[in-house]
**Student:** 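Please find one structure pasted underneath; my questions will follow.
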Number of protein chains: 2
Amino acid sequence: MKYENRKDEIIQTAALLFKEKGYSAVTMRDIAKAVGVRAASLYNHIKSKQEILSEIIIALAEQFTCGMNVIQDAEISSVEKLKRIVKLHVDITANNQNGMASLNNDWMHLEADLDYYLRLRKDYENDFRTILNEGIAKGELINFDSEVMLFSILSTLRLLYGWIPRREELNPNYLADKLSGVLLEGVIR
Amino acid sequence: MKYENRKDEIIQTAALLFKEKGYSAVTMRDIAKAVGVRAASLYNHIKSKQEILSEIIIALAEQFTCGMNVIQDAEISSVEKLKRIVKLHVDITANNQNGMASLNNDWMHLEADLDYYLRLRKDYENDFRTILNEGIAKGELINFDSEVMLFSILSTLRLLYGWIPRREELNPNYLADKLSGVLLEGVIR
DNA sequence: ATTCTAAACTAACAAGTGTTAGTTTTGGTA
DNA sequence: TACCAAAACTAACACTTGTTAGTTTAGAAT
């Protein structure tokens, strides 16, 4: 059972098209054709093109917020928290590669939900920053510029969506492990 | 002297708008208004909207190709080559933040030059891969999955464009140094 | 068999798209 | 001053956009 219902089918189909061409370049007629229906029929299930984008992005942003809250409250080392963040990104991305493209590239086309999205993203980044600074303070992490560390790790995790699909043979646990290794331990012997 | 001529002004202005909303969401009338002119007047300087995108992306792609060729031919260690790649990205991005957004997000809207762009990108990635594999073979780099290493480093470098502008106080040498540190040596003490 | 509702359809809209044709303005050179 | 080309302008084009109105179809419940 690939889709829960027609609305879900429309949203998932749209997410695929948004990933390939971006939100603005995809028309309601494109989505309709991919679903096998006329453009006007889409409006029996969704309110607007905007609503499709919002449902894709907000659902994902809330998954990240939720996952981060769990990690933050766990009583584990800072390094372990970083590993769980990597795992969080790998898991969410593996389950929704197409939607992650919209989250990364089309968030600025949100209208009603733009402020809400920006708040979620800012909070997420602040939580991430806090974990890094705690790790530095406790001596678990090298005392590099924590902004550079945040940017470096997060940008890799953000582009996972365009990379995972090409290596479907990999299971998420293996990938999260390897990625944690490279991101946290570096590449120099 | 900010612009070489009016064509250059149009292209740089367009690049800024493309970064903010994406190629497809920016209209010729948007570009014209930002330049301070009517849309039809743009066509005295450029052939089409497509041409603007091509000039932005291809110029940058060729800079990377050129830079990579120099690095590849240098007689230096693999680690030193990686550091020079980081510097290459920092320098090009610092000089063209807006254009880098198009290179990353709007390349799929290229038409005539799409194949050429894809070839340049593929060659660049292959050269990068070769440097990593040589480093592993010579024992300079940890024997991690080289595809994971390639993805991890390159994805960070690709998103520099959205991050550099927020820290204009940093000079490129300092940033390249810090970034090389985190990317190559990791963050764990 | 009849009813009814969800969901498909056709047709059309007003606004916006990239681009062209033809005309006027501008500012340096003869 | 007269000229001329570069570059601005106005007006319009053919087409595409998201969306709505009104109608028909399909299939489950009575």
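Side-chain atoms are counted along with the backbone in the values below, which use heavy atoms only and exclude waters and symmetry mates. In what follows, every chain begins at residue 1, and chains take the letters A, B, ... in the order their sequences are listed.
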**Student:** So which protein nitrogen or oxygen atoms get under 3.5 Å of nucleotides 6-8 of chain D's nitrogens or oxygens?
**Tutor:**
{"residue": "D:dA8", "atom": "OP1", "partner": "B:Arg6", "partner atom": "NH1", "Å": "2.5"}
{"residue": "D:dA8", "atom": "OP2", "partner": "B:His45", "partner atom": "NE2", "Å": "2.5"}
{"residue": "D:dA8", "atom": "N7", "partner": "B:Asn44", "partner atom": "ND2", "Å": "2.6"}

**Student:** How many whole angstroms separate atom NZ of B:Lys49 from atom C1' of C:dG16?
**Tutor:**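 The answer, rounded to whole Å, is 12 Å.
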**Student:** Under a 3.5 Å cutoff, is there a donor and acceptor pairing between the side chains of B:Thr156 and A:Thr156?
**Tutor:**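 Yes, side-chain donor-acceptor contact under 3.5 Å.
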**Student:** Would you state whether a donor and an acceptor, one from the side chain of B:Arg29 and one from the base of C:dG16, lie under 3.5 Å apart?
**Tutor:**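 It does not, because no donor-acceptor pair links the side chain of B:Arg29 to the base of C:dG16 below 3.5 Å.
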**Student:** Can you find a pair of side-chain heavy atoms, one from A:Tyr116 and one from A:Leu120, that are under 4.5 Å apart?
**Tutor:**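 Yes; the side chains approach each other to less than 4.5 Å.
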**Student:** Please say yes or no: joined through hydrophobic side-chain contacts below 4.5 Å, possibly via intermediate residues, are B:Leu17 and B:Ile11 part of one cluster?
**Tutor:**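 Yes: a chain of side-chain contacts under 4.5 Å links B:Leu17 to B:Ile11.
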**Student:** For DNA chain C, determine which residues of residues 52-60 of chain B have any heavy atom closer than 4.0 angstrom to one of its atoms, and list them numerically.
**Tutor:**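 Residues of residues 52-60 of chain B under 4.0 Å from DNA chain C: none.
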**Student:** Could you write out each protein N or O paired with an N or O of nucleotides 20-24 of chain D at a distance under 3.5 Å?
**Tutor:**
none

**Student:** In terms of side-chain geometry, is the basic nitrogen of B:Lys7 or B:Glu51 positioned less than 4.0 Å from the acidic oxygen of its partner?
**Tutor:**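 Salt bridge: yes.
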**Student:** Closest approach of B:Phe64 and B:Tyr124, non-hydrogen atoms and distance?
**Tutor:**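 Looks like O-CE1, 3.6 Å.
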**Student:** Would a single hydrophobic cluster contain both A:Ile131 and A:Ile76, if residues Ile, Leu, Val, Met, Phe, Trp and Tyr are joined by side-chain heavy-atom contacts under 4.5 Å?
**Tutor:**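 They do not share one cluster, since no chain of ILVMFWY contacts under 4.5 Å joins A:Ile76 to A:Ile131.
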**Student:** Got more than 12 heavy atoms from elsewhere within 6.0 Å of NZ, A:Lys33?
**Tutor:**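 No, NZ of A:Lys33 has 12 or fewer neighbouring heavy atoms, counting only those of other groups under 6.0 Å.
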**Student:** Whole angstroms only, please: what is the CE-P distance between B:Met28 and D:dT17?
**Tutor:**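 Between P of D:dT17 and CE of B:Met28: 18 Å.
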**Student:** What closest approach, in Å, do A:Leu159 and B:Phe151 show between heavy atoms, and which atom pair accounts for it?
**Tutor:**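 Residues A:Leu159 and B:Phe151, closest heavy atoms: O-CE1, 3.6 Å.
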